[in-house]
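Data first, discussion second: the structure below is written as structure tokens.
This chain uses plain numbering: 1 for the first residue, then up along the sequence. Everything numeric in this text was worked out from a predicted model, so none of it was measured.
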Amino acid sequence: MKSPCNDICTIDRTSSLCVGCARTLPEIGEWASASDARKKAILALLPARIAALGTKFRR
């Protein structure tokens, strides 16, 4: 499964989310070894996080 990383690796200090992919540092760290089910669970969280980041989110 493809990573949501887009090489904009900056953590927002307020939300602790990456402004490029909307994942947390632990989620980024576990991605390579995570099961497909876990990856799908992480991906399902991203739309709401992207909305919460608002203009801080960079794609």
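Taking NZ of Lys2 as the reference point, atom CH2 of Trp31 lies at 10.5 Å (rounded to 0.5 Å). Taking CD1 of Ile42 as the start and CE of Met1 as the end, the distance is 10.0 Å to the nearest 0.5 Å. Note that the SG atom of Cys21 and the CD1 atom of Ile28 stand 4.5 Å from one another [nearest 0.5 Å].
Tracing side-chain contacts under 4.5 Å through hydrophobic residues (I, L, V, M, F, W, Y), one never reaches Leu46 starting from Leu25; they form parts of separate clusters.
Listed by first and then second residue, the salt bridge (Lys or Arg N to Asp or Glu O under 4.0 Å) pairs involving residues 18-32 are Glu27-Arg49, Glu30-Arg38 (not counting sequence neighbours). Within the structure, the salt bridge (Lys or Arg N to Asp or Glu O under 4.0 Å) test picks out the following pairs touching residues 4-16 (sequence neighbours left out): Asp12-Lys56.
Shown here for Ser15 and Leu53, the closest heavy-atom pair between the two residues is OG-CD2, 3.5 Å. In this structure, Gly20 and Phe57 approach most closely via the heavy-atom pair O-CE1, 3.6 Å. Across all non-hydrogen atoms, the minimal contact from Leu17 to Ala22 is CD2-O, 3.5 Å. For Cys9 against Cys18, the heavy-atom pair with the smallest separation is CA-SG, 4.0 Å.
Shown here are the side chain to side chain contact (heavy atoms under 4.5 Å, CB included) partners of Ile8, two or more places apart in sequence or in another chain: Asn6, Val19, Arg58.
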